[in-house]
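Per chain, numbering begins at 1; letters A, B, ... match sequence-line order. Note that these values count all heavy atoms, side chains included, but never hydrogens, waters or copies made by symmetry.
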Amino acid sequence: MTEPHNKEAAALLAGTVDALPAGALEAQLDLGRPLRVKFGIDPTAPDIHLGHVVVLRKLREFQDLGHTVVLIIGDYTARVGDPSGRSATRPVLSPEQIDANAETFKRQAFTVLDRECTEIRRNSEWLDMSMQDLFALTRGSTVAQLLERDDFAKRFADRRPISILELLYPLLQGYDSHAVGADVELGGTDQKFNLLHARAIQQQYGSAQQSVLTMPILPGIDGVERMSKSLGNYVAVTDLPDQLFGKLMRIPDQVMPTYYELLLGRIPDPAAPPVIAKRALAGELTDRFHGAGAGAAAERAFDTLHVDHGIPDEIEEDALPDGETIHLPELLAGSFGISRSEARRLLAGGGVKLDGAALGRDDLDLDRARLEGAVLQIGRRRHRRYV
RNA sequence: GGGGGGAUGUCCGAGUGGUUAAAGGAGACGGGCUGUAAACCCGUUGGCUCUGCCUACGCAGGUUCGAAUCCUGCUCCCCCCA
């Protein structure tokens, strides 16, 4: 084993949870050729979020060392649905939706990955197989093996349903590895079973077996559940700068160190108060996805809104309806996409402001003159100017 | 094939004839506080022409002065035995 490869291995293993089998990656690096590093993603929900970024950053490290990333768009497996985590049945996507999502995915993945060292494949290329081929694939795996998987085992014990289709998922993902000749596969720790099962499939087909690296799971901005689109606790890489900054300011203080470690690769400044550390985190990530300076601009907007409780510079405009008096519930409902009843409740609760001054329960009808050119505001974040 | 259980508001989940727009929790939203859109505290959380009216407890009928609660049929889901 040569010295430079040891260093390379150490860098690549940093921050990973599992590297299996032990020593496999080091041996592969000693081959002295670029490795094919697989990462698969199902285009079910078309937003790459910071949870994906944890894995993507590691992939980028491989690329920076001259290895090739094979990005698999699971357009076919998306029809099956990975049963990991929640057992809710996935909605069936149309081919058009899957295509559109796949495009979005590609674009977003390159906010982190190096386009030059990335090979993109769709697993419909090889998974659209004959029944005979499927038989051949399924012959190699047993129910007992699959039931070892944590969530299957649990559901089986609880007598909750496990569909045959779901059982098939690890086989299909494994077949992907065989099809693209993967040397290494990355995923979150929740993917450990699937990643390892791929080794069995590769062996079954006489391919070289991949090594497996798992990355920690990033908690969502609720600080509790894993970050996921379906739980709504995610920060998308396409979120607008102000949104991205603001969402990151909302993470509970306890998970801040985790965010630092997984997204920035360091710990927060121990001398900094939480709010300062959180601002630094939010600013840095905003810069990363929107360019240098975006973080600072977003921070100024944040201060205006949440520290000074002021009105932002840029506000969407709406036209006032005709008439000398304006019925506020109707206006608010139309502008902010809420019901008139909700508008009344917000009014009664002091949540509606006109040019910064709170309105009350009885301010149902206002003279047009008071609204012309004025700004109506719900809470701190929603504003509309009337022209 | 046989037997059993279930479908409640954004979600989870109480409720088994009469203040039930439906307990409780979560989430969300609003207010207060704040060196954070953290934490903490308070409030709201079906719609509307809003001191009232309308629509709601899988779907369609029925019983009753009155039903989410009882009856019949239907749809869907789950479990057990084979």
Side-chain angles (χ1 to χ4, degrees), chain A residues 50 85-89 155-163 166 219-236 239-260 268-269 271-286 295 298-312 321 323 325-354 356-365 376-383:
Chain A
L50 295 182
R86 303 228 165 245
S87 57
T89 316
R155 281 156 71 180
F156 190 68
D158 293 347
R159 293 171 164 174
R160 278 181 293 143
I162 301 169
S163 78
E166 292 173 295
I221 57 174
D222 57 1
V224 181
E225 307 272 10
R226 46 173 288 142
M227 182 174 286
S228 94
K229 170 110 176 176
S230 56
L231 293 175
N233 60 359
Y234 69 108
V235 182
D239 278 343
L240 297 173
D242 291 1
Q243 224 178 347
L244 199 143
F245 189 95
K247 280 188 183 176
L248 286 165
M249 286 306 284
R250 191 157 64 162
I251 63 172
D253 290 356
Q254 315 85 270
V255 299
M256 222 190 343
T258 309
Y259 271 61
Y260 260 84
D269 177 358
V275 69
I276 300 300
K278 206 181 281 183
R279 279 170 183 265
L281 170 76
E284 210 167 309
L285 289 172
T286 306
E299 187 166 13
R300 281 194 297 277
F302 179 88
D303 282 335
T304 302
L305 224 51
H306 297 288
V307 178
D308 305 336
H309 294 182
I311 295 170
T325 58
I326 307 289
H327 191 54
L328 225 41
E330 185 179 359
L331 184 68
L332 289 166
S335 291
F336 295 97
I338 59 179
S339 72
R340 295 174 190 194
S341 297
E342 187 174 0
R344 281 169 184 266
R345 278 185 238 118
L346 285 165
L347 228 29
V352 180
K353 296 197 185 83
L354 177 63
L359 295 173
R361 181 188 302 275
D362 300 320
D363 293 312
L364 294 178
D365 295 283
L376 270 180
Q377 171 180 357
I378 293 182
R380 288 179 189 172
R381 283 190 271 164
R382 288 175 282 179
H383 302 81

Student: List the residues meeting salt bridge (charged side-chain N to carboxylate O under 4.0 Å, His left out) with A:Asp239, not counting sequence neighbours, and say none if there are none.
Tutor: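 Partners of A:Asp239 by the salt bridge (charged side-chain N to carboxylate O under 4.0 Å, His left out) criterion, ordered by chain and then number, come out as A:Lys247.
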Student: Could you check how far CE of A:Met256 sits from P of B:A37, rounded to whole Å?
Tutor: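 Checked: the CE to P distance equals 14 Å.
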Student: Under 4.0 Å, heavy atoms only, any strand: does A:Val352 hit a base, just the sugar-phosphate, or nothing?
Tutor: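 Nothing, no nucleic acid heavy atom in range.
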Student: How close or far is atom P of B:A37 from atom NE2 of A:His383, stated in whole angstroms?
Tutor: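 Between P of B:A37 and NE2 of A:His383: 13 Å.
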Student: For A:His327, what residues pass the ring-ring contact (aromatic ring centres under 6.0 Å, His included) criterion, not counting sequence neighbours?
Tutor: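 With neighbours one apart ignored, the set is empty.
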Student: Could you go through nucleotides 25-27 of chain B and list every protein N or O atom that sits under 3.5 Å from one of its N or O atoms, giving the distance for each pair?
Tutor:
none

Student: So what does A:Asp242 touch, heavy atoms closer than 4.0 Å: a base, only the sugar-phosphate, or nothing?
Tutor: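 A:Asp242: base contact, heavy atoms under 4.0 Å.
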Student: With 3.5 Å as the limit, what N/O pairs link the protein to nucleotides 51-57 of chain B?
Tutor:
none

Student: Return the nearest nucleotide to the side chain of A:Arg380; candidates are B:A37, B:U49, B:C29.
Tutor: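 Looking only at side-chain atoms, A:Arg380 lies closest to B:A37.
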Student: Polar pairs (N or O, both sides) under 3.5 Å between protein and nucleotides 38-43 of chain B?
Tutor:
unit_1 : atom_1 : unit_2   : atom_2 : d
B:A38  : O4'    : A:Lys278 : NZ     : 3.4

Student: Could you write out RNA chain B as a dot-bracket string, with dots for unpaired bases, | for bases paired across to another strand, and Watson-Crick or G-U pairs counted at under 3.5 Å?
Tutor: ((((((((.[[[..)..(.....]]]((((((.......))))))(((...)))...[[[[[..)....]]]]]))))))).
Student: How do A:Arg345 and A:Val275 order along RNA chain B: which one's closest nucleotide is nearer the 5' end?
Tutor: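 Comparing both residues, the 5'-ward one is A:Val275.
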Student: When the nearest nucleotide of RNA chain B is assigned to A:Ala333 and to A:Gly379 on a heavy-atom basis, which residue is associated with the more 5' position?
Tutor: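 Closest to the 5' end, via its nearest nucleotide, is A:Gly379.
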Student: Going through the distances and angles, do A:Asp303 and A:Arg279 end up as a salt bridge (charged side-chain N to carboxylate O under 4.0 Å, His left out)?
Tutor: CA-CA 11 Å; A:Asp303 282 335; A:Arg279 279 170 183 265; 2.8 Å; yes
